[in-house]
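Encoded as C-alpha coordinates, the structure appears first; notes follow it.
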Amino acid sequence: MTDLKLYKTIDATSENCAGPIGELSSALNDAYVGEAVAIILGDDATRDDILVWAKRTGNEVVENTSEEGRHRLVLKKVK
Amino acid sequence: MKNVLVAGGGLGGTIVANRIAQKLSNEIENGEASVTVFDKSDMHFYQPGFLLVSMGAMEPQDTQIMERSVLDRRVKFLSGDSGSITKIDADNRSLTTADGKSHGYDQLVLSTGSHLQFDEIPGFAAGADTFFNLEKAKEMWQKVRSFEGGKIVVDTAMMPHKCPVAPLEITLMLDDYFRKKGIRDKVQIDYCYPVPGVFGIPNVNKMMTKIFAERGINVHSQFALASVDTSARKITSKEGESVDYDLLVSIPPHKGAQVIGDSGLGDRRNWVSTDKFTLLVKGHDDIHAMGDTTDIAISKAGSTADYESYVVSHNVAAEVAGTGGMKTYPGSVFCFIATGMDQATYIKFDYSHPPVPPTPSQVYWWSKLAYNKLYWSLHARTMI
(Lines give C-alpha, C1' and ligand atoms only; values in the text may rest on other atoms or scores of the structure.)
Protein backbone atom coordinates (compact mmCIF):
# COMPACT_ATOMS: atom_id res chain seq x y z
CA MET A 1 0.00 0.00 0.00
CA THR A 2 2.85 2.38 0.77
CA ASP A 3 4.18 2.16 -2.81
CA LEU A 4 0.78 2.61 -4.40
CA LYS A 5 0.35 5.85 -6.33
CA LEU A 6 -3.02 7.45 -5.74
CA TYR A 7 -4.20 9.16 -8.93
CA LYS A 8 -7.26 10.79 -7.44
CA THR A 9 -9.60 10.91 -4.45
CA ILE A 10 -13.31 11.31 -5.22
CA ASP A 11 -15.73 12.77 -2.69
CA ALA A 12 -18.93 10.91 -3.59
CA THR A 13 -20.78 11.61 -0.35
CA SER A 14 -23.27 13.90 -2.14
CA GLU A 15 -25.81 13.35 -4.89
CA ASN A 16 -24.62 13.66 -8.47
CA CYS A 17 -25.95 12.55 -11.81
CA ALA A 18 -23.05 10.32 -12.83
CA GLY A 19 -23.33 8.49 -9.53
CA PRO A 20 -20.36 7.14 -7.57
CA ILE A 21 -19.68 4.36 -10.07
CA GLY A 22 -19.78 6.85 -12.94
CA GLU A 23 -17.21 9.07 -11.23
CA LEU A 24 -15.09 6.08 -10.24
CA SER A 25 -15.13 4.45 -13.68
CA SER A 26 -14.08 7.76 -15.25
CA ALA A 27 -11.16 8.23 -12.88
CA LEU A 28 -10.01 4.64 -13.33
CA ASN A 29 -10.26 5.09 -17.10
CA ASP A 30 -7.70 7.90 -16.85
CA ALA A 31 -5.49 6.21 -14.23
CA TYR A 32 -2.46 4.22 -15.38
CA VAL A 33 -2.25 0.50 -14.68
CA GLY A 34 -0.84 0.09 -11.18
CA GLU A 35 -2.26 3.40 -9.92
CA ALA A 36 -5.22 3.63 -7.55
CA VAL A 37 -8.30 5.78 -7.08
CA ALA A 38 -9.87 6.44 -3.67
CA ILE A 39 -13.55 7.15 -3.23
CA ILE A 40 -15.32 8.45 -0.12
CA LEU A 41 -18.92 7.25 0.30
CA GLY A 42 -21.72 8.18 2.65
CA ASP A 43 -23.79 5.00 2.80
CA ASP A 44 -23.48 1.23 3.05
CA ALA A 45 -25.52 0.39 -0.06
CA THR A 46 -23.24 2.35 -2.38
CA ARG A 47 -20.17 0.78 -0.84
CA ASP A 48 -21.64 -2.66 -1.44
CA ASP A 49 -22.53 -1.74 -5.04
CA ILE A 50 -18.96 -0.63 -5.70
CA LEU A 51 -17.51 -3.80 -4.20
CA VAL A 52 -19.65 -5.82 -6.63
CA TRP A 53 -18.73 -3.51 -9.51
CA ALA A 54 -15.01 -3.77 -8.70
CA LYS A 55 -15.17 -7.54 -8.76
CA ARG A 56 -17.03 -7.54 -12.06
CA THR A 57 -14.63 -5.10 -13.74
CA GLY A 58 -11.45 -6.61 -12.36
CA ASN A 59 -10.34 -3.62 -10.32
CA GLU A 60 -8.65 -4.64 -7.07
CA VAL A 61 -9.98 -3.27 -3.79
CA VAL A 62 -6.84 -2.56 -1.74
CA GLU A 63 -8.50 -0.61 1.08
CA ASN A 64 -11.98 -0.77 2.61
CA THR A 65 -12.30 1.28 5.78
CA SER A 66 -15.07 3.11 7.64
CA GLU A 67 -15.07 5.99 10.07
CA GLU A 68 -17.94 8.05 11.48
CA GLY A 69 -20.45 6.74 8.95
CA ARG A 70 -18.24 7.33 5.94
CA HIS A 71 -16.56 4.63 3.90
CA ARG A 72 -13.28 4.88 2.04
CA LEU A 73 -12.51 2.44 -0.72
CA VAL A 74 -9.25 2.39 -2.66
CA LEU A 75 -9.31 0.58 -6.00
CA LYS A 76 -6.19 -0.35 -7.92
CA LYS A 77 -6.26 -0.51 -11.70
CA VAL A 78 -4.74 -3.84 -12.64
CA LYS A 79 -5.40 -4.08 -16.38
CA MET B 1 -7.49 49.18 -10.66
CA LYS B 2 -8.39 45.58 -9.82
CA ASN B 3 -8.82 43.24 -12.76
CA VAL B 4 -11.35 40.44 -12.76
CA LEU B 5 -10.82 38.09 -15.69
CA VAL B 6 -13.39 35.47 -16.71
CA ALA B 7 -12.03 32.67 -18.89
CA GLY B 8 -14.87 31.42 -21.09
CA GLY B 9 -17.98 33.09 -22.46
CA GLY B 10 -20.41 30.21 -22.33
CA LEU B 11 -23.43 30.09 -20.09
CA GLY B 12 -21.40 30.09 -16.85
CA GLY B 13 -18.86 32.73 -17.83
CA THR B 14 -21.48 35.07 -19.20
CA ILE B 15 -23.78 34.86 -16.22
CA VAL B 16 -21.01 35.17 -13.63
CA ALA B 17 -19.45 38.16 -15.43
CA ASN B 18 -22.82 39.93 -15.51
CA ARG B 19 -23.40 39.25 -11.82
CA ILE B 20 -19.90 40.49 -10.89
CA ALA B 21 -20.41 43.67 -12.93
CA GLN B 22 -23.70 44.30 -11.17
CA LYS B 23 -22.10 43.87 -7.75
CA LEU B 24 -19.07 46.04 -8.65
CA SER B 25 -20.96 48.70 -10.58
CA ASN B 26 -19.66 51.55 -8.41
CA GLU B 27 -16.06 50.32 -8.56
CA ILE B 28 -16.27 49.92 -12.34
CA GLU B 29 -17.82 53.35 -12.83
CA ASN B 30 -15.07 54.88 -10.63
CA GLY B 31 -12.31 53.13 -12.56
CA GLU B 32 -11.31 51.03 -9.56
CA ALA B 33 -12.23 47.65 -11.09
CA SER B 34 -12.78 46.01 -14.46
CA VAL B 35 -14.42 42.75 -15.57
CA THR B 36 -13.29 41.11 -18.82
CA VAL B 37 -14.59 37.94 -20.51
CA PHE B 38 -12.31 35.96 -22.83
CA ASP B 39 -13.63 33.55 -25.46
CA LYS B 40 -12.41 32.45 -28.87
CA SER B 41 -15.95 32.62 -30.24
CA ASP B 42 -18.04 35.78 -30.41
CA MET B 43 -21.22 33.68 -30.48
CA HIS B 44 -23.10 32.52 -27.42
CA PHE B 45 -24.79 29.12 -27.76
CA TYR B 46 -27.66 27.87 -25.64
CA GLN B 47 -26.47 24.27 -25.60
CA PRO B 48 -29.54 22.70 -23.94
CA GLY B 49 -31.42 23.70 -27.08
CA PHE B 50 -29.38 21.32 -29.25
CA LEU B 51 -31.40 18.35 -27.92
CA LEU B 52 -34.59 19.95 -29.19
CA VAL B 53 -32.98 20.89 -32.52
CA SER B 54 -32.05 17.23 -33.08
CA MET B 55 -35.73 16.30 -32.74
CA GLY B 56 -37.13 19.18 -34.77
CA ALA B 57 -38.61 20.88 -31.70
CA MET B 58 -36.48 24.05 -31.81
CA GLU B 59 -35.13 26.14 -34.66
CA PRO B 60 -31.32 26.14 -34.89
CA GLN B 61 -31.11 29.93 -35.08
CA ASP B 62 -32.89 30.16 -31.73
CA THR B 63 -29.92 28.52 -29.98
CA GLN B 64 -27.36 31.24 -30.72
CA ILE B 65 -26.85 34.96 -30.32
CA MET B 66 -23.90 37.36 -30.33
CA GLU B 67 -22.12 37.13 -26.98
CA ARG B 68 -21.75 40.92 -26.76
CA SER B 69 -25.53 41.30 -26.83
CA VAL B 70 -26.06 39.30 -23.63
CA LEU B 71 -23.17 40.78 -21.67
CA ASP B 72 -23.67 43.66 -19.28
CA ARG B 73 -22.46 46.89 -20.90
CA ARG B 74 -19.88 47.27 -18.13
CA VAL B 75 -18.22 43.93 -19.02
CA LYS B 76 -15.36 44.03 -21.52
CA PHE B 77 -15.33 41.20 -24.07
CA LEU B 78 -12.38 39.87 -26.05
CA SER B 79 -12.86 37.25 -28.80
CA GLY B 80 -10.89 35.71 -31.66
CA ASP B 81 -7.15 35.59 -31.02
CA SER B 82 -7.57 38.36 -28.44
CA GLY B 83 -9.97 36.17 -26.46
CA SER B 84 -8.30 32.81 -27.03
CA ILE B 85 -6.31 31.99 -23.89
CA THR B 86 -3.16 29.97 -24.56
CA LYS B 87 -1.64 29.89 -21.07
CA ILE B 88 -2.58 30.70 -17.49
CA ASP B 89 0.34 31.60 -15.22
CA ALA B 90 -1.10 31.23 -11.73
CA ASP B 91 2.21 32.04 -10.02
CA ASN B 92 2.38 35.45 -11.71
CA ARG B 93 -1.38 36.04 -11.79
CA SER B 94 -1.57 36.50 -15.53
CA LEU B 95 -2.81 34.83 -18.68
CA THR B 96 -1.64 34.98 -22.26
CA THR B 97 -3.85 35.15 -25.34
CA ALA B 98 -3.24 33.97 -28.91
CA ASP B 99 -2.42 37.49 -30.05
CA GLY B 100 0.61 37.38 -27.75
CA LYS B 101 -0.71 39.78 -25.15
CA SER B 102 -0.43 39.23 -21.40
CA HIS B 103 -3.27 40.12 -19.03
CA GLY B 104 -2.76 40.42 -15.28
CA TYR B 105 -5.53 39.58 -12.84
CA ASP B 106 -6.46 40.07 -9.24
CA GLN B 107 -9.30 37.54 -9.42
CA LEU B 108 -9.65 34.87 -12.11
CA VAL B 109 -12.77 32.82 -12.86
CA LEU B 110 -12.31 29.62 -14.86
CA SER B 111 -15.41 28.78 -16.87
CA THR B 112 -13.73 27.07 -19.76
CA GLY B 113 -16.27 24.25 -19.94
CA SER B 114 -16.16 20.72 -21.31
CA HIS B 115 -15.20 19.79 -24.85
CA LEU B 116 -16.26 16.93 -27.10
CA GLN B 117 -13.67 14.28 -27.98
CA PHE B 118 -14.81 12.69 -31.24
CA ASP B 119 -11.47 10.98 -31.86
CA GLU B 120 -10.96 9.32 -28.48
CA ILE B 121 -12.87 6.14 -29.36
CA PRO B 122 -12.02 4.29 -32.60
CA GLY B 123 -14.71 4.73 -35.26
CA PHE B 124 -16.75 7.19 -33.21
CA ALA B 125 -16.27 10.27 -35.41
CA ALA B 126 -17.35 8.44 -38.57
CA GLY B 127 -20.10 6.27 -37.16
CA ALA B 128 -21.92 8.17 -34.43
CA ASP B 129 -24.56 10.84 -34.70
CA THR B 130 -24.97 13.19 -31.80
CA PHE B 131 -26.86 16.29 -30.69
CA PHE B 132 -24.06 17.72 -28.56
CA ASN B 133 -23.15 20.47 -30.98
CA LEU B 134 -25.37 22.51 -33.27
CA GLU B 135 -24.16 21.26 -36.64
CA LYS B 136 -24.45 17.62 -35.65
CA ALA B 137 -27.85 18.21 -34.05
CA LYS B 138 -29.09 19.60 -37.37
CA GLU B 139 -27.68 16.57 -39.23
CA MET B 140 -29.27 14.22 -36.73
CA TRP B 141 -32.72 15.75 -37.22
CA GLN B 142 -32.50 15.06 -40.96
CA LYS B 143 -31.75 11.40 -40.21
CA VAL B 144 -34.47 11.09 -37.57
CA ARG B 145 -37.18 12.64 -39.72
CA SER B 146 -36.35 10.32 -42.65
CA PHE B 147 -35.99 7.16 -40.52
CA GLU B 148 -38.63 4.68 -41.65
CA GLY B 149 -37.73 1.73 -39.47
CA GLY B 150 -34.85 -0.27 -38.00
CA LYS B 151 -32.75 -0.18 -34.88
CA ILE B 152 -31.72 3.01 -33.09
CA VAL B 153 -29.04 2.71 -30.44
CA VAL B 154 -28.61 5.51 -27.90
CA ASP B 155 -25.17 5.16 -26.36
CA THR B 156 -23.31 7.12 -23.70
CA ALA B 157 -19.60 6.67 -24.34
CA MET B 158 -18.29 7.52 -20.87
CA MET B 159 -18.78 9.64 -17.75
CA PRO B 160 -18.85 12.47 -16.99
CA HIS B 161 -20.55 14.43 -19.75
CA LYS B 162 -22.51 17.67 -19.91
CA CYS B 163 -26.27 17.52 -19.44
CA PRO B 164 -26.35 14.11 -17.70
CA VAL B 165 -30.09 13.61 -18.29
CA ALA B 166 -29.74 14.06 -22.05
CA PRO B 167 -29.39 10.31 -22.84
CA LEU B 168 -32.67 9.66 -21.02
CA GLU B 169 -34.34 12.55 -22.80
CA ILE B 170 -33.30 11.68 -26.33
CA THR B 171 -34.30 8.04 -25.82
CA LEU B 172 -37.80 8.89 -24.60
CA MET B 173 -38.24 11.63 -27.20
CA LEU B 174 -37.30 9.21 -29.99
CA ASP B 175 -39.75 6.66 -28.60
CA ASP B 176 -42.58 9.21 -28.49
CA TYR B 177 -41.71 10.72 -31.86
CA PHE B 178 -42.05 7.37 -33.63
CA ARG B 179 -45.22 6.51 -31.67
CA LYS B 180 -46.82 9.74 -32.81
CA LYS B 181 -45.62 9.06 -36.34
CA GLY B 182 -47.32 5.66 -36.15
CA ILE B 183 -44.26 3.53 -36.88
CA ARG B 184 -42.99 2.69 -33.38
CA ASP B 185 -43.61 -1.00 -34.13
CA LYS B 186 -41.00 -0.74 -36.89
CA VAL B 187 -38.41 0.98 -34.70
CA GLN B 188 -36.34 -0.86 -32.09
CA ILE B 189 -34.67 1.37 -29.51
CA ASP B 190 -31.71 0.16 -27.45
CA TYR B 191 -30.04 2.14 -24.65
CA CYS B 192 -26.39 1.52 -23.76
CA TYR B 193 -25.05 3.05 -20.55
CA PRO B 194 -21.52 2.81 -19.09
CA VAL B 195 -22.56 2.13 -15.49
CA PRO B 196 -25.18 -0.20 -14.01
CA GLY B 197 -28.76 1.02 -14.52
CA VAL B 198 -29.95 3.82 -16.79
CA PHE B 199 -28.93 6.76 -14.56
CA GLY B 200 -26.61 7.45 -11.63
CA ILE B 201 -29.09 8.72 -9.03
CA PRO B 202 -31.12 5.88 -7.44
CA ASN B 203 -34.52 7.67 -7.38
CA VAL B 204 -34.24 8.71 -11.00
CA ASN B 205 -32.85 5.36 -12.07
CA LYS B 206 -35.83 3.59 -10.50
CA MET B 207 -38.38 5.85 -12.21
CA MET B 208 -36.69 5.76 -15.61
CA THR B 209 -36.07 2.01 -15.57
CA LYS B 210 -39.83 1.54 -15.12
CA ILE B 211 -40.66 3.97 -17.94
CA PHE B 212 -38.11 2.32 -20.25
CA ALA B 213 -39.70 -1.08 -19.60
CA GLU B 214 -43.20 0.28 -20.26
CA ARG B 215 -42.02 1.85 -23.53
CA GLY B 216 -40.25 -1.29 -24.76
CA ILE B 217 -36.72 0.16 -24.66
CA ASN B 218 -33.94 -2.42 -24.37
CA VAL B 219 -31.23 -1.60 -21.84
CA HIS B 220 -27.58 -2.68 -22.09
CA SER B 221 -25.68 -1.78 -18.94
CA GLN B 222 -23.07 -1.64 -18.02
CA PHE B 223 -21.80 -0.94 -21.51
CA ALA B 224 -18.65 1.21 -21.68
CA LEU B 225 -18.05 2.03 -25.33
CA ALA B 226 -14.76 0.65 -26.71
CA SER B 227 -15.21 1.01 -30.49
CA VAL B 228 -17.57 1.76 -33.35
CA ASP B 229 -17.38 -0.48 -36.42
CA THR B 230 -18.88 1.62 -39.20
CA SER B 231 -18.74 -1.08 -41.88
CA ALA B 232 -20.46 -3.74 -39.77
CA ARG B 233 -22.63 -1.04 -38.12
CA LYS B 234 -22.07 -2.26 -34.60
CA ILE B 235 -20.61 -0.96 -31.36
CA THR B 236 -18.58 -2.98 -28.89
CA SER B 237 -18.13 -2.37 -25.18
CA LYS B 238 -15.12 -2.80 -22.92
CA GLU B 239 -17.13 -5.57 -21.30
CA GLY B 240 -17.08 -7.45 -24.63
CA GLU B 241 -20.72 -7.00 -25.65
CA SER B 242 -21.61 -5.98 -29.22
CA VAL B 243 -24.80 -4.23 -30.35
CA ASP B 244 -25.68 -3.60 -33.99
CA TYR B 245 -27.44 -0.44 -35.16
CA ASP B 246 -29.04 1.30 -38.11
CA LEU B 247 -28.79 4.72 -36.46
CA LEU B 248 -26.30 5.33 -33.66
CA VAL B 249 -27.03 8.32 -31.42
CA SER B 250 -24.14 8.72 -29.03
CA ILE B 251 -22.88 11.07 -26.35
CA PRO B 252 -19.16 11.61 -27.06
CA PRO B 253 -16.39 11.55 -24.44
CA HIS B 254 -15.72 14.92 -22.81
CA LYS B 255 -12.61 16.67 -21.52
CA GLY B 256 -11.87 19.99 -19.91
CA ALA B 257 -10.27 22.76 -21.96
CA GLN B 258 -6.80 22.18 -23.40
CA VAL B 259 -5.50 25.42 -21.84
CA ILE B 260 -6.25 23.95 -18.41
CA GLY B 261 -3.95 21.03 -19.13
CA ASP B 262 -1.32 23.22 -20.79
CA SER B 263 -1.27 25.45 -17.70
CA GLY B 264 -0.91 22.59 -15.23
CA LEU B 265 -4.23 23.35 -13.57
CA GLY B 266 -6.10 20.13 -14.29
CA ASP B 267 -6.04 16.36 -14.00
CA ARG B 268 -5.41 14.05 -16.97
CA ARG B 269 -8.84 14.92 -18.39
CA ASN B 270 -8.26 18.64 -17.78
CA TRP B 271 -10.86 18.93 -15.00
CA VAL B 272 -9.82 21.52 -12.42
CA SER B 273 -9.43 20.38 -8.82
CA THR B 274 -11.98 22.56 -7.03
CA ASP B 275 -13.31 22.86 -3.47
CA LYS B 276 -16.95 21.72 -3.63
CA PHE B 277 -18.12 24.44 -1.22
CA THR B 278 -15.98 27.55 -1.83
CA LEU B 279 -15.52 26.85 -5.59
CA LEU B 280 -11.92 28.00 -5.22
CA VAL B 281 -9.32 26.09 -7.20
CA LYS B 282 -7.44 24.01 -4.66
CA GLY B 283 -4.17 25.67 -3.70
CA HIS B 284 -5.24 29.10 -5.02
CA ASP B 285 -7.15 31.83 -3.19
CA ASP B 286 -7.58 34.02 -6.28
CA ILE B 287 -8.81 31.49 -8.85
CA HIS B 288 -12.44 30.35 -8.89
CA ALA B 289 -13.83 27.52 -11.04
CA MET B 290 -17.40 26.79 -12.00
CA GLY B 291 -19.64 24.83 -14.34
CA ASP B 292 -18.32 21.94 -16.40
CA THR B 293 -14.75 23.10 -15.70
CA THR B 294 -14.45 21.60 -12.21
CA ASP B 295 -13.71 18.08 -11.02
CA ILE B 296 -16.48 18.27 -8.41
CA ALA B 297 -18.66 15.15 -8.38
CA ILE B 298 -21.72 17.17 -9.34
CA SER B 299 -23.76 17.43 -12.55
CA LYS B 300 -22.15 19.20 -15.49
CA ALA B 301 -25.24 21.21 -16.32
CA GLY B 302 -26.22 24.78 -17.07
CA SER B 303 -28.19 25.03 -13.86
CA THR B 304 -25.12 23.98 -11.88
CA ALA B 305 -23.14 26.84 -13.40
CA ASP B 306 -26.00 29.24 -12.79
CA TYR B 307 -26.37 28.31 -9.11
CA GLU B 308 -22.58 28.48 -8.72
CA SER B 309 -22.51 31.94 -10.32
CA TYR B 310 -24.26 33.43 -7.27
CA VAL B 311 -21.47 32.14 -5.01
CA VAL B 312 -18.55 32.96 -7.29
CA SER B 313 -19.80 36.46 -8.15
CA HIS B 314 -20.35 37.25 -4.48
CA ASN B 315 -16.92 35.98 -3.46
CA VAL B 316 -15.10 37.73 -6.31
CA ALA B 317 -16.88 41.02 -5.63
CA ALA B 318 -16.24 40.71 -1.90
CA GLU B 319 -12.52 40.25 -2.52
CA VAL B 320 -12.32 43.17 -4.94
CA ALA B 321 -14.42 45.53 -2.83
CA GLY B 322 -12.77 44.35 0.38
CA THR B 323 -16.08 43.65 2.05
CA GLY B 324 -15.22 40.04 2.98
CA GLY B 325 -17.66 37.28 3.84
CA MET B 326 -17.47 34.19 1.69
CA LYS B 327 -20.54 32.37 0.43
CA THR B 328 -20.52 28.62 -0.13
CA TYR B 329 -22.21 26.45 -2.75
CA PRO B 330 -24.72 23.92 -1.35
CA GLY B 331 -24.61 21.72 -4.46
CA SER B 332 -27.85 22.98 -6.01
CA VAL B 333 -28.89 21.50 -9.36
CA PHE B 334 -32.14 21.71 -11.31
CA CYS B 335 -32.83 19.92 -14.60
CA PHE B 336 -35.95 19.31 -16.63
CA ILE B 337 -36.11 15.80 -18.10
CA ALA B 338 -38.12 15.42 -21.30
CA THR B 339 -39.97 12.11 -21.27
CA GLY B 340 -41.51 12.51 -24.71
CA MET B 341 -42.35 15.14 -27.32
CA ASP B 342 -44.92 16.79 -25.06
CA GLN B 343 -44.19 15.72 -21.49
CA ALA B 344 -41.40 16.05 -18.96
CA THR B 345 -40.44 15.75 -15.32
CA TYR B 346 -37.62 17.44 -13.39
CA ILE B 347 -35.00 16.85 -10.74
CA LYS B 348 -33.96 19.35 -8.08
CA PHE B 349 -31.38 18.43 -5.50
CA ASP B 350 -28.29 19.53 -3.60
CA TYR B 351 -25.44 17.95 -1.65
CA SER B 352 -27.76 16.97 1.19
CA HIS B 353 -31.13 16.37 -0.45
CA PRO B 354 -31.68 13.76 -3.19
CA PRO B 355 -34.13 14.50 -6.01
CA VAL B 356 -37.69 13.21 -6.02
CA PRO B 357 -38.85 13.55 -9.65
CA PRO B 358 -42.60 14.14 -10.03
CA THR B 359 -44.83 12.15 -12.38
CA PRO B 360 -44.17 13.36 -15.95
CA SER B 361 -46.70 15.85 -17.29
CA GLN B 362 -47.26 18.38 -20.05
CA VAL B 363 -46.89 21.21 -17.51
CA TYR B 364 -43.18 20.47 -17.08
CA TRP B 365 -42.70 20.12 -20.83
CA TRP B 366 -44.13 23.57 -21.44
CA SER B 367 -42.11 24.90 -18.52
CA LYS B 368 -38.97 23.51 -20.18
CA LEU B 369 -39.82 25.21 -23.48
CA ALA B 370 -40.74 28.45 -21.72
CA TYR B 371 -37.43 28.48 -19.91
CA ASN B 372 -35.61 28.06 -23.24
CA LYS B 373 -37.37 31.20 -24.49
CA LEU B 374 -36.72 33.15 -21.30
CA TYR B 375 -33.03 32.24 -21.22
CA TRP B 376 -31.97 34.95 -23.65
CA SER B 377 -34.14 37.77 -22.40
CA LEU B 378 -33.91 37.17 -18.66
CA HIS B 379 -31.43 34.57 -17.55
CA ALA B 380 -28.27 35.15 -19.59
CA ARG B 381 -28.60 38.84 -18.87
CA THR B 382 -29.14 37.93 -15.17
CA MET B 383 -32.42 39.77 -14.89
CA ILE B 384 -33.42 36.87 -12.63
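By convention in this document, chain letters (A, B, ...) are assigned in the order of the sequence lines, proteins followed by strands, and residues within each chain are numbered from 1.
- Partner of B:I217 under the side chain to side chain contact (heavy atoms under 4.5 Å, CB included) criterion, out of B:L172, B:V154, B:D190: B:L172 alone.
- Ranked by heavy-atom pairs under 4.5 Å with chain A, the first of B:I347, B:I201, B:V333 is B:I201.
- Among residues two or more places apart in sequence or in another chain, the side chain to side chain contact (heavy atoms under 4.5 Å, CB included) test is passed with B:A257 by B:T112, B:H115, B:V259, B:I260.
- The side chain to side chain contact (heavy atoms under 4.5 Å, CB included) test applied to B:A125 returns B:F118, B:D119, not counting sequence neighbours.
- If you take CD1 on A:I50 and CD1 on A:I39, they are separated by 4.0 Å, rounding to the nearest 0.5 Å.
- Here B:T236 pairs with B:S242 under the side chain to side chain donor-acceptor pair (under 3.5 Å) rule; sequence neighbours left out.
- Among all heavy-atom pairs drawn from A:L4 and A:V62, the shortest one is CD2-CG2, 3.6 Å.
- Put simply, the side chain of A:V78 does not reach to within 4.5 Å of the side chain of A:V33, judged on heavy atoms.
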Report every donor-acceptor pair between chain B and chain A with a separation under 3.5 Å, backbone and side chains included.
residue	atom	partner	partner atom	Å
B:M159	O	A:S26	OG	3.0
B:G200	N	A:C17	O	3.2
B:Q222	OE1	A:W53	NE1	3.0
B:Q222	OE1	A:R56	NH1	3.4
B:K238	NZ	A:N29	OD1	2.7
B:D267	OD2	A:K8	NZ	2.2
B:R268	N	A:Y7	OH	3.2
B:R268	NH1	A:D30	O	3.2
B:R268	NH1	A:E35	OE1	2.6
B:R268	NH2	A:E35	OE1	3.2
B:R268	NH2	A:E35	OE2	2.8
B:R269	NE	A:D30	OD1	3.2
B:R269	NE	A:D30	OD2	3.0
B:R269	NH2	A:D30	OD1	3.1
B:K276	NZ	A:D11	OD2	3.1
B:K276	NZ	A:S14	OG	2.9

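- Ranked by heavy-atom pairs shorter than 4.5 Å toward chain A, the options B:G331, B:A297, B:P164 are led by B:A297.
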